[in-house]
Q: 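The structure that follows is given in the form of structure tokens.
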Amino acid sequence: MTAPADLARVASVLEGLGTAEAVPGPRIRFTTTAGNLREAVRRALSGLDLDHFIQIGSVDTGKAIELHYHFTGPHRAVVTVAVALPREGTRAPSLADLLPPAGLLERQVHDLMGVEFDGHPALDRFILNEDWPAGEHPLRKDWKPREGAFYGGVRDAAPGPGGG
Amino acid sequence: MAEVLVPIGPQHPALKEPVSFRVWADGEVIVRLEMDVSYNHRGIEKGAEQRDFHRTLPLLERICGICSHSHTTVFAKGIEALMQVEAPPRARAIRTVVAELERVHSHLLWLGVAAHEVGFNTLFMWTWRDREAVQDVLEALTGNRVNYGINAVGGVRRDWPPDLVSTALDRVAPLGDRVRLYADMVAREKTMLARFTGVGKLTREQVLAYGAVGPTARASGVDYDVRRDDPYLDYARLPWKVITDDHGDVLGRTLVRVGELHESLNMIQVLLRDLPPGEIRAKVPRTAPPGEFLSRYEAPRGELVHFLRTNGTDRAERVDVRTPTMANWTSVAMALRGRWLADIPVIVAAIDPCLSCTSRVSLADPEGRDRGGMTWDELREHGIRFYAEGRHER
């Protein structure tokens with residue numbers, strides 16, 4: 001059986017990359033920086049027996065955009081690698097090559113939160129419809145629908161084929 | 001032969017939800033697949049930030065018409081954890097019964113859809129008739145057939161008198177024999193063996209790499225079930241086991257779901273025979289203190305996650321939903337590579353996509369010559385004919 005991914009082990013495997021803390025759940029949250037994210041995830045995957053990537057949780061706190069990469073493994077402990085990114089020019093390295101499921105999840109976070117993932121093979125629109133205006137990210141706290149903008153669905157004024 | 005782009009979807013007038021697949025095929029063989037799942041984005045996560053916890057529950061219940069109870073339970077248990085209150089034992093038992101009835105109706109629905117996709121419509125009719133009995137039980141117990149409205153923050157909204165419980169028990173008991181019949185059919189019936197065996201194969205390593213969950217993962221030998229691994233509700237005290245299989249194909253996913261039907265029906269009967277007495281709803285504060293909680297739940301299709309953040313008010317700061325279907329898409333894209341075009345319906349159906357479907361396949365080569373049209377039904381017919389004529393063996 002694998003060793004449990006407890007607080008001490010997370011702190012030692014990811015030493016020098018950030019800080020680890022226990023949060024209710026129970027869960028261990030490791031806070032790092034965008035620059036150290038790939039190294040932290042690479043080390044966590046090999047050193048902490050994390051074989052299941054659960055989710056990228058995203059939060060706009062009003063001050064920063066936070067990304068929480070949740071993992072678990074055969075020991076069933078949940079480990080989160082978290083980064084806080086500036087709200088302007090929000091960028092993070094893509095993990096799509098390390099974690100295949102991150103490819104779709106990063107496209108979703110890009111749509112909803114406006115995070116640019118550097119190195120993503122195709123950061124195309126995924127969850128927002130094709131008519132949604134570029135550059136508008138609806139889960140940002142300060143996002144509001146603009147008067148007169150078209151967000152998808154049926155355009156009232158324009159008759160479609162057959163008279164509409 | 002040059003690669004051909006086959007767009008599938010996004011509209012289907014009768015069944016399921018919209019998704020658009022773009023499949024690149026070389027002759028009959030799938031090369032790769034891309035998808036567009038944007039058609040059903042309704043802004044529910046944004047809406048959940050703008051109303052209090054009690055008003056958020058009915059909104060989340062409408063994320064899905066099958067796992068409606070899953071979404072309210074995973075949210076309610078997360079908010080309760082953040083409020084540091086616990087639903088009373090009777091409420092937890094009632095939630096568990098509804099959760100397992102939901103799994104039974106969902107798996108019966110899936111079994112029917114999978115049978116239909118391979119042209120075995122007798123089984124489709126049988127399982128959906130049995131599912132109707134489950135819907136009737138849910139209606140009797142909760143008042144509703146789809147969005148049960150049973151959950152509240154702190155417990156449940158409706159108590160069950162003893163005569164209602166015994167009626168429900170009488171209706172659930174005969175389903176055990178039906179499930180035994182289906183288990184026998186899956187093991188021996190020729191159509192299912194021919195169309196499910198070796199189709200949509202995923203190894204254990206692939207499942208782990210692509211992040212698949214639920215019956216899709218368990219059918220490839222991944223022993224992972226949130227009910228056991230991060231226990232909630234009454235699962236830690238109930239007699240049941242996690243069903244796994246090592247076929248790794250659509251047959252394996254069928255065997256896992258049939259096995260889970262057995263376990264769920266058993267759990268429902270154990271709970272209904274001995275419902276704990278007492279209150280059904282704890283008194284909860286109006287607000288939740290600032291905090292975050294990763295709430296996980298084993299929905300019929302697999303691990304469902306709500307990442308919750310609260311800020312001291314009566315509203316959530318963030319509700320980030322990761323559905324099991326989202327986790328399973330990557331594995332579908334990989335399972336389809338190198339397979340026949342004729343296998344698309346059953347491989348896509350095998351993950352039981354909660355957001356799915358298609359109406360129209362137009363065939364076009366990269367230069368735009370030779371355009372034709374195909375409906376989902378025609379693609380299904382094509383799949384059935386393809387195998388009936390033995391073209392997969394040529």
Side-chain angles (χ1 to χ4, degrees), chain A residues 23-27 29 50-62 66-68 70-80 82 96 98-105 107-109 111-113 122 124-132 137-141 143-145 151-153, chain B residues 10 20 34-41 43 45-49 78 81-82 84 204-213 217 222-226 228-231 291-296 303-309 311 316-323 326-331 333-334:
Chain A
V23 291
R27 183 160 62 94
R29 183 174 61 203
L50 300 174
D51 62 9
H52 177 51
F53 174 40
I54 300 173
Q55 184 203 20
I56 305 177
S58 61
V59 186
D60 180 3
T61 62
E66 293 181 12
L67 300 181
H68 297 252
H70 304 295
F71 300 89
T72 187
H75 41 67
R76 302 308 178 214
V78 178
V79 176
T80 300
L98 299 175
L99 296 162
L104 291 182
L105 291 166
R107 285 168 63 185
Q108 179 174 329
V109 174
D111 278 1
L112 298 177
M113 285 287 183
D124 298 333
R125 191 162 280 196
F126 184 64
I127 205 92
L128 295 177
N129 73 70
E130 58 194 7
D131 290 327
W132 192 273
H137 306 289
L139 280 173
R140 291 246 178 171
K141 287 288 181 193
W143 177 83
K144 287 199 172 51
Y151 291 97
Chain B
S20 157
E34 280 180 11
M35 66 192 121
D36 181 350
V37 300
S38 70
Y39 303 95
N40 238 5
H41 185 71
E45 291 180 11
K46 188 76 173 176
E49 294 174 5
L82 285 160
Q84 297 181 341
R204 186 174 183 280
E205 289 67 34
Q206 285 175 314
V207 160
L208 291 172
Y210 304 144
V213 294
V222 175
D223 188 12
Y224 181 56
D225 189 315
V226 181
R228 182 198 60 202
D229 298 322
D230 185 7
E292 74 176 39
F293 194 80
L294 183 74
S295 189
R296 295 191 291 156
E303 177 191 46
L304 165 69
V305 180
H306 283 201
F307 181 55
L308 304 171
R309 182 69 73 86
N311 54 14
E317 171 95 2
R318 177 79 170 106
V319 181
D320 195 340
V321 178
R322 200 277 280 137
T323 59
M326 178 73 187
N328 281 332
W329 279 138
T330 309
S331 75
M334 296 302 164

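So that the names make sense, note that chain A is the first sequence line, chain B the second, and so on, each numbered from 1. Fair warning: this is a prediction, and the values are worked out from it, not measured in the lab.
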Q: Quick one: which of Val23(A), Asp124(A), Leu105(A) has the most heavy-atom pairs under 4.5 Å with chain B, could you say?
A: Leu105(A)
Q: Of the backbone (N, CA, C, O) and the side chain (C-beta and beyond), which part of Glu303(B) lies under 4.5 Å from a heavy atom of chain A, both, or neither?
A: side chain
Q: Quick one: what part of Trp143(A) sits under 4.5 Å from any heavy atom of chain B, side chain, backbone, both or neither?
A: both
Q: Sort Arg309(B) into side chain, backbone, both or neither according to what part of it lies under 4.5 angstrom from a heavy atom of chain A.
A: side chain
Q: Under a 4.5 Å heavy-atom cut-off, does chain A meet the side chain of Asp230(B), its backbone, both or neither?
A: side chain
Q: Cut-off 3.5 Å, side chains only: do Thr80(A) and His70(A) have a donor facing an acceptor?
A: yes
Q: Got a donor-acceptor contact below 3.5 angstrom from the Asp320(B) side chain to the Ser58(A) backbone?
A: yes
Q: Looking at Glu66(A), Arg125(A), Glu130(A), Arg107(A), which one has more heavy-atom pairs under 4.5 Å with chain B than the rest?
A: Glu66(A)
Q: Pick one of side chain, backbone, both or neither for Glu34(B), based on which atoms fall under 4.5 Å of a heavy atom in chain A.
A: neither
Q: Please tell me if the side chains of Pro74(A) and Asp223(B) come closer than 4.5 Å, counting only heavy atoms from C-beta onward.
A: no
Q: Please confirm whether the backbone N or O of Arg140(A) pairs with a side-chain atom of Lys46(B), one donor and one acceptor, at under 3.5 Å?
A: yes
Q: Say whether, by atom type as modelled, one donor and one acceptor occur between the side chain of His137(A) and the main chain of Asp111(A) under 3.5 angstrom.
A: yes
Q: Should Asn328(B) and Val213(B) be marked as a side chain to side chain contact (heavy atoms under 4.5 Å, CB included) after you check the CA-CA gap, both sets of side-chain angles, and the distance that decides it?
A: CA-CA 6 Å; Asn328(B) 281 332; Val213(B) 294; 3.9 Å; yes
